[in-house]
Protein chains: 2
Amino acid sequence: MTLTETNSWTGIRKELLRRIHSRVWQPGEQIPHEADLAEEFGCARTTVNRALRDLAESGLVVRKRRAGTRVALNPPQRATLTIPIIREEVEATGRTYRHSLLERDFRPLPPMLHGAFPATLSEDVLYLKTLHFADNRPYAYEERYINLNAAPEARDTAFDEVSANEWLVHNAPYSHGDISFFAVSADKTLSRKLDAGSGTALFAMERITWAGNMPITHVHLIFAPGYRMRTEI
Amino acid sequence: MTLTETNSWTGIRKELLRRIHSRVWQPGEQIPHEADLAEEFGCARTTVNRALRDLAESGLVVRKRRAGTRVALNPPQRATLTIPIIREEVEATGRTYRHSLLERDFRPLPPMLHGAFPATLSEDVLYLKTLHFADNRPYAYEERYINLNAAPEARDTAFDEVSANEWLVHNAPYSHGDISFFAVSADKTLSRKLDAGSGTALFAMERITWAGNMPITHVHLIFAPGYRMRTEI
DNA sequence: AAGTGGTCTAGACCACAGG
DNA sequence: CTGTGGTCTAGACCACTTG
């Protein structure tokens with residue numbers, strides 16, 4: 001009989017975590033079902049359910065109807081990244097944000113993106129090239145394509161005051177998207193814009209967002225040397 | 001009167017999402033409280049709560065007691081990264097995994113990590129250097145320090161069969177950790193090990209995990225050229 | 001077919017923070 | 001102090017999936 005402090009779902013989660021970490025319940029092993037745990041803890045099944053659901057979300061246990069709940073064999077490290085608007089990211093470190101619009105024009109969708117923007121093959125898209133600064137030092141270089149069908153008002157927006165980044169968040173909310181992270185070598189342009197030695201390794205992110213099945217925007221962001229994306233698990 | 005299909009919490013979430021995306025509820029605006037929504041949807045408050053809690057977790061709304069629920073002004077992009085064991089990551093793409101232990105010795109903690117491993121300054125740590133392969137091509141290069149106080153059995157483990165990566169997941173579960181991602185340039189060693197041209201930009205990850213306040217391991221992973229870390233939002 | 005998790009309800013009390 | 005979200009309960013029915 002283990003005396004947990006309370007019958008709160010967090011208290012129960014804590015005790016379940018203890019049993020998993022201390023190997024009372026081995027990896028792969030099936031744990032008692034909700035009803036039994038509820039009885040043991042003297043609480044409603046709903047409360048146990050809440051605790052187990054939380055553990056399942058973080059990947060520590062695997063739940064299946066009829067098959068019960070098992071301790072995960074290879075608990076994946078699941079990390080939640082918060083990708084803020086660049087301005088907020090910069091200002092959060094106490095620095096001053098500024099951005100400069102380097103290029104803005106309408107052009108056919110580059111072939112590279114035909115796969116990503118299937119619906120707008122024949123339409124021009126808005127192309128933006130932006131440099132973001134923190135305390136007047138280059139912070140990130142951005143290339144962006146905006147689908148004007150998804151955000152018609154973008155056609156008449158200058159993007160010199162409010163960055164496209166921020167404007168889109170407020171004016172063309174997305175329902176889902178893909179993000180990927182990778183490394184690129186600074187070519188001549190990047191090297192000049194980001195004040196990086198030629199060939200320097202730079203952290204980069206590519207992101208496509210959609211509203212339903214309509215693509216909104218494709219962004220390629222390349223960060224100045226030394227950038228790190230951090231998170232806790 | 002909007003007719004949503006069901007009274008399921010996902011159905012309610014869908015309708016709430018629609019109202020947010022369609023600007024029925026403007027960013028920053030306060031939305032009706034749970035009791036009113038429950039009445040409107042003809043369901044229990046608990047069900048509305050579940051839907052709103054989910055939206056709050058994804059950052060779309062901000063909830064405060066007494067102050068009510070508001071549509072987030074700058075909804076951050078919150079992405080959940082799943083960082084699997086390398087073997088599983090490789091095998092998930094249909095390739096064959098293999099790893100090779102390049103170095104294994106005991107040494108004092110390098111000064112660089114004194115900040116991270118405060119408790120073990122005077123103790124030797126286990127140092128491992130590993131190369132991971134996918135279909136016999138280099139996949140990632142790993143340097144790892146293991147705190148022997150946190151995982152004493154590691155002292156007598158060879159790590160030639162099971163990788164340290166995998167062994168630790170099963171033998172030294174962590175409670176929390178820090179991860180960061182960045183780009184590095186291939187130096188001579190990396191270039192040789194990872195079959196990359198010298199100076200190639202490589203994607204890298206640094207991770208420290210803890211069990212309570214005891215550090216377990218510090219890993220530095222550098223991936224072969226072309227690696228991308230992907231996720232959906 | 002039956003066992004297990006998934007969800008919903010109606011009601012209650014609590015905790016926190018704004019006025 | 002009061003209104004709002006946060007949580008808990010006891011019970012019920014449903015949905016999935018495995019044996």
Check: Could you give the CD1-to-P distance, from A/Ile31 to C/dG5, as a whole number of Å?
Finding: 8 Å
Next item on the list: Choose from C/dT7, D/dC8, D/dG6 the nucleotide whose nearest atom is closest to any side-chain atom of B/Asn49.
Entry: D/dG6
Notebook entry, point to check: Expressed in angstrom and rounded to an integer, what is the separation of B/Leu37 atom CG from C/dC8 atom P?
Noted result: 15 Å
Margin query: Considering every strand and a 4.0 Å limit on heavy-atom distances, what is the contact class for A/Arg50: base, sugar-phosphate, or nothing?
Written below: sugar-phosphate
Next item on the list: Would you kindly give the NE2-to-C1' distance between B/His33 and C/dC16, to the nearest whole Å?
Entry: 17 Å
Notebook entry, point to check: For A/Thr93, which residues count as a side chain to side chain contact (heavy atoms under 4.5 Å, CB included) partner, sequence neighbours excluded?
Noted result: A/Arg95
Note to self: Under a 4.0 Å threshold between the charged nitrogen and the carboxylate oxygen, would A/Glu206 count as salt-bridged to B/Arg228?
What the structure shows: yes
Check: Taking the six-membered ring for Trp, is the centroid-to-centroid distance between B/Tyr139 and B/Phe133 below 6.0 Å?
Finding: no
Next item on the list: Round to a whole Å and report the spacing from CZ of A/Arg53 to P of C/dG5.
Entry: 13 Å
Item checked: First of B/Thr46 and B/Ala35 reached from the 5' end of DNA chain D, by closest nucleotide -> B/Ala35
Check: Would you say a side-chain N or O of A/Thr47 is under 4.0 Å from OP1 or OP2 of D/dT9?
Finding: yes
Note to self: Is it the case that the side chains of A/Asn165 and A/Glu142 hold a donor-acceptor pair, with the cut-off being a distance below 3.5 Å and no angle test?
What the structure shows: no
Margin query: Could you tell me how far apart B/Glu34 (CD) and D/dG3 (P) are, to the nearest whole angstrom?
Written below: 16 Å
Next item on the list: In whole angstrom, give the distance that lies between atom CD1 of A/Ile12 and atom P of D/dC8.
Entry: 7 Å
Checklist line | Given DNA chain D, 5'-ward residue of the pair A/Arg45 and A/Gly42, judged by closest heavy atom | finding: A/Gly42
Notebook entry, point to check: Near DNA chain D, under 4.0 Å by heavy atom, which residues of residues 64-71 of chain B?
Noted result: B/Lys64, B/Arg65, B/Arg66, B/Gly68, B/Thr69
Notebook entry, point to check: Taking atom P of D/dG5 as reference, at what distance in whole Å does atom CG of B/Leu16 sit?
Noted result: 12 Å
Next item on the list: Please state how far atom CG in B/Asp36 lies from atom C1' in D/dT4, giving the value in whole angstrom units.
Entry: 11 Å
Notebook entry, point to check: Are A/Phe223 and A/His132 close enough that their ring centres sit under 6.0 Å apart?
Noted result: no
Notebook entry, point to check: Going by an N to O cut-off under 4.0 Å, is there a salt bridge joining A/Arg19 and A/Glu40?
Noted result: yes
Next item on the list: Could you list the residues that satisfy ring-ring contact (aromatic ring centres under 6.0 Å, His included) with B/His33, not counting sequence neighbours?
Entry: none
